[in-house]
A.B. asks: 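This is the structure I want to talk about, given as structure tokens.
These values consider heavy atoms only, across backbone and side chains, with no hydrogens, waters or symmetry-generated copies. Naming: A, B, ... by sequence-line order, numbering from 1 per chain.
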Amino acid sequence: MKKFYITTAIDYMNGKPHIGHAYEKIATDIINRHFKQRGLETFFLTGSDEHGIKIEKTAQELGKRPKQLCDENSDSFKEEWAKIGVNYDRYIRTTDEDHKEVVQYIFKTLMDKGDIYKASYTGLYCSGCESFLSQRDLTEDGLCPDHQKKPQEVKEENYFFKLSKYKQAIIDRIKNNPNFILPEYRANEVLNQLENTEDISVSRSINSVTWGIPVPGDDSQIIYVWIDALSNYLTGVGYRHNNELFNKFWPADVHIIGKDILKFHSIYWIGILMAMGIELPECIHAHGWITVEETKMSKSLGNVLPPDFIMQEFDLEIPDAERYFLMSAAPYGKDINYSTDDFKNKVNADLANNLGNLLNRSLSMLVKYFNGEITQDAVTDKNCELASLCDETQKKVLESFDDYKISEAIESVVSLVNATNKYVNDTAPWSLAKEETTLIECAKVLYTVLETMRFVSILLYPVIPNISQNIWSQLSLEGNISEQTWESLKWNGLKAGKIASKETVNPVFLRLDSELAGDKKKK
RNA sequence: GGCAUAGUAGCUCAGAUGGUUAGAGCGCGCGGCUCAUACCCGCGAGGUCACUGGUUCAACUCCAGUCUAUGCUACCA
């Protein structure tokens, strides 16, 4: 069986989760669910990045121990992921024992190999922050933005990674693999940055950071958080601790990350793997930001919104609409904007009016004209127009997901739904039901529509799992929709028999009432 | 400052290798249907394809420049 290994970035635990974190996890979850449907054995890794000076400081301010802060925050991340339907296989924490071992092993191996060496480092040190600042952290006057003081030049012994040694190999890798970095235009940025790449410092003095993994054999140094963090992708699938798992899943098929950390993944991480002689990931996919009502979210603006804020705003019990909007509003990779109106319009139009109403009208007719029963002679063969459209649609969905283009996949299914609504209008089963002679035609039309709905529910399941399950149940189909694979996408999956009654037909997604939304907004 | 990407209907966006009247969805107007979640279907209005030049029989599509937005990077500091 083929495998599929997908990861998210691990989130930094010095704060609570927000919608930006959620966007990435949802995208990853959707891709993962899709590939599982294809019959691949999948592994979905997410987790938290827990070391470093900022966490140490935040914990101190709150009067907590760093580990305690991370325990609390990682719990709230996990809670949020459960709320929005993110189903991962492992939640890794960089404070996990197996991870610490892996990081030290990597560091030691590279030291032995000579790819990590000791050298002195001159940096700008702010005594207020108790840490080194880079040029770009400073204000225009060269002051520390937090303390309004000029940082001092301090010399420190550090360990360095010989990144320059792998520079050319990284450049070649990117140039020879057009899909290595997605979206493609980001690859240029990375190549640009590579031009000026030098060896990087991979440790910090214990005098500036204590919360981290010590350099093996040198307790005066702490391993740089990025080396620590990036290695999670190895630990997460059992590197050095579960060979069977590791051999099955490594290398990663795709790292889903934000555009802000592309450099670390496509340069540092690739360099380290090359130095370790470990196979490289297939693809690094960088997504854009979410803006809310055209405003960038930031802590300083105080407009950081929680992962489920859309659900909260509209009092939604399931995350489907939020997932749907975030993934269909813009192509993955670009920035997307959330606005209450856009959300309402999009979700009402696609999920309630087109998808939900289609199921509702067709099942209602089945109940009304046939007592909810599909008779054997109503089962149509696959030569009908809609059947071949279902076939085309699944091919398009497959192609879109090959390039991780979620919004494109959604669009294909939505146009199938629209075509089905048109089909119902054109064939007018309510008229066919009036004459005894055309009753069988009516039955066939309804079967065709409901069978199409079965396709739609499977195709959209990765995005809207709860709504899809609801459709699945209302069609009285057996089993759970999460177990359905691409194999189920064959015409005539819906069998003859009584599948619905007046009581079982219910809207799968109600229109968002405009007045209700208005009230909520005023709060 | 350098490099990159983008600028297409009111809004969100599609538009390989230049070639008939520039597309979709939403919104808007009109009409139809009545099975349905005031839903669905059809028709229509609406665009100097950022701007200016150029190449070409022909440019939204190629070239140059300008403006704007965004990203990466640099330096000034």
A.B. asks: Which nucleotide, in any strand shown, forms a Watson-Crick or G-U wobble pair with B:rU48, with both distances under 3.5 Å?
C.D. replies: none
A.B. asks: Rounding to an integer number of Å, can you tell me how far A:Leu359 CG sits from B:rC40 C1'?
C.D. replies: 15 Å
A.B. asks: Using the C1' atom as the point on both nucleotides, what is the distance between B:rA69 and B:rC51, in whole Å?
C.D. replies: 15 Å
A.B. asks: Using the P atom in both, what is the distance from B:rC67 to B:rC28, to the nearest Å?
C.D. replies: 40 Å
A.B. asks: Strictly by Watson-Crick or wobble contacts shorter than 3.5 Å, is anything paired with B:rA16, and which nucleotide is it?
C.D. replies: none
A.B. asks: Distance check, P atoms only: B:rU5 and B:rA59, in whole angstrom units.
C.D. replies: 24 Å
A.B. asks: Which label fits A:Phe314 and A:Phe343: parallel for a plane angle under 30°, tilted from 30 to 60°, or perpendicular past 60°?
C.D. replies: tilted
A.B. asks: Ion pair present between A:Asp391 and A:Lys382, side-chain N to carboxylate O less than 4.0 angstrom?
C.D. replies: no
A.B. asks: Both A:Asp260 and A:Asn353 contact RNA chain B. Which one's nearest nucleotide lies toward the 5' end?
C.D. replies: A:Asn353
A.B. asks: We want to know whether A:Tyr233 and A:His265 form a side-chain donor-acceptor pair, criterion being a heavy-atom distance below 3.5 angstrom.
C.D. replies: yes
A.B. asks: Rounded to the nearest angstrom, tell me the gap between atom CD1 in A:Ile410 and atom C1' in B:rU12.
C.D. replies: 14 Å
A.B. asks: Verify whether one side chain among A:Ser482 and A:Asn480 offers a donor that lies under 3.5 Å from an acceptor in the other.
C.D. replies: yes
A.B. asks: Could you measure between the two P atoms, the one in B:rC30 and the one in B:rA45, and give it in whole Å?
C.D. replies: 15 Å
A.B. asks: Applying a 3.5 Å limit to both distances, which nucleotide forms a Watson-Crick or G-U wobble pair with B:rC3?
C.D. replies: B:rG71
A.B. asks: Which part of the nucleic acid, if any, lies within contact of A:Val508, taking any heavy atom under 4.0 Å across all strands shown: a base, the sugar-phosphate backbone alone, or nothing?
C.D. replies: base
A.B. asks: B:rU37 P sits how many Å from A:Leu316 CG, rounded?
C.D. replies: 20 Å
A.B. asks: Using purine N1 to pyrimidine N3 plus N6-O4 or O6-N4 for Watson-Crick, or N1-O2 and O6-N3 for G-U wobble, both under 3.5 Å, which nucleotide pairs with B:rA36?
C.D. replies: none
A.B. asks: Atom CZ of A:Phe325 to atom C1' of B:rG25: distance rounded to whole Å?
C.D. replies: 13 Å
A.B. asks: In whole Å, what is the span from the CG atom of A:Asn418 to the P atom of B:rG42?
C.D. replies: 9 Å
A.B. asks: With both distances kept under 3.5 Å, what pairs with B:rC62, Watson-Crick or G-U wobble?
C.D. replies: B:rG54
A.B. asks: Which whole number of Å gives the distance between the C1' atom of B:rG19 and that of B:rC11?
C.D. replies: 31 Å
A.B. asks: Answer with yes or no after comparing the ring centroid distance for A:Tyr369 and A:Trp430 against a 6.0 Å cut-off, counting only values under it.
C.D. replies: no
A.B. asks: B:rU12 C1' sits how many Å from A:Tyr338 OH, rounded?
C.D. replies: 15 Å
A.B. asks: Quick one: sort the A:Tyr338 and A:Phe325 rings into parallel, tilted or perpendicular, breaks at 30° and 60°.
C.D. replies: perpendicular
A.B. asks: Which whole number of Å gives the distance between the C1' atom of B:rG46 and that of B:rU21?
C.D. replies: 16 Å
A.B. asks: May I ask you to evaluate whether A:Asn345 reaches the phosphate of B:rC11, defined as a side-chain N or O under 4.0 Å from OP1 or OP2?
C.D. replies: no
A.B. asks: Mind checking the C1' distance from B:rG44 to B:rA6? Whole angstroms is fine.
C.D. replies: 32 Å
A.B. asks: Need the pair for B:rC76. Rule: Watson-Crick or G-U wobble, both distances under 3.5 Å, any strand; none if unpaired.
C.D. replies: none
A.B. asks: If pairing requires Watson-Crick or G-U wobble contacts with both distances under 3.5 Å, which nucleotide is the partner of B:rC11?
C.D. replies: B:rG25
A.B. asks: Between A:Ala349 and A:Asn354, name the one whose nearest nucleotide on RNA chain B is closer to the 5' end.
C.D. replies: A:Ala349
A.B. asks: Atom CG of A:Asp350 and atom C1' of B:rC40: how far apart are they, to the nearest Å?
C.D. replies: 14 Å
A.B. asks: Decide ring-ring contact (aromatic ring centres under 6.0 Å, His included) for A:Tyr268 and A:Phe161; before the verdict, give the C-alpha distance in whole Å, the side-chain angles of both, and the deciding distance to 0.1 Å.
C.D. replies: CA-CA 9 Å; A:Tyr268 299 0; A:Phe161 172 59; 8.5 Å; no
A.B. asks: What is the minimum heavy-atom distance between A:Phe160 and A:Val202, and which atoms define it?
C.D. replies: C-CG2, 4.0 Å
A.B. asks: Can you check the distance between B:rC60 and B:rC49, where both ends of the measurement are the C1' atom (answer in whole Å)?
C.D. replies: 5 Å
A.B. asks: Where the side chain of A:Lys259 is defined as all heavy atoms beyond and including C-beta, which of B:rU37, B:rG71, B:rC41 is the nearest nucleotide?
C.D. replies: B:rG71
A.B. asks: Could you tell me how far apart A:Lys422 (NZ) and B:rG25 (P) are, to the nearest whole angstrom?
C.D. replies: 12 Å
A.B. asks: Looking at A:Thr452, A:Asp377, A:Asn492, which hits side-chain hydrogen bond (donor to acceptor under 3.5 Å, both in side chains) with A:Tyr447?
C.D. replies: A:Asn492
A.B. asks: Partner lookup for B:rG31, please. Criteria are Watson-Crick or G-U wobble with both distances under 3.5 angstrom; report none if nothing qualifies.
C.D. replies: B:rC41
A.B. asks: Could you list, one pair per line, each protein nitrogen or oxygen that sits under 3.5 Å from a nitrogen or oxygen of nucleotides 33-35 of chain B, together with the distance?
C.D. replies:
from: B:rC35; atom 1: O2'; to: A:Arg361; atom 2: O; distance (Å): 3.3
from: B:rC35; atom 1: O2; to: A:Arg361; atom 2: NE; distance (Å): 3.1
from: B:rC35; atom 1: N3; to: A:Arg361; atom 2: NE; distance (Å): 3.3
from: B:rC35; atom 1: N3; to: A:Arg361; atom 2: NH2; distance (Å): 2.7
from: B:rC35; atom 1: N4; to: A:Arg361; atom 2: NH2; distance (Å): 3.2

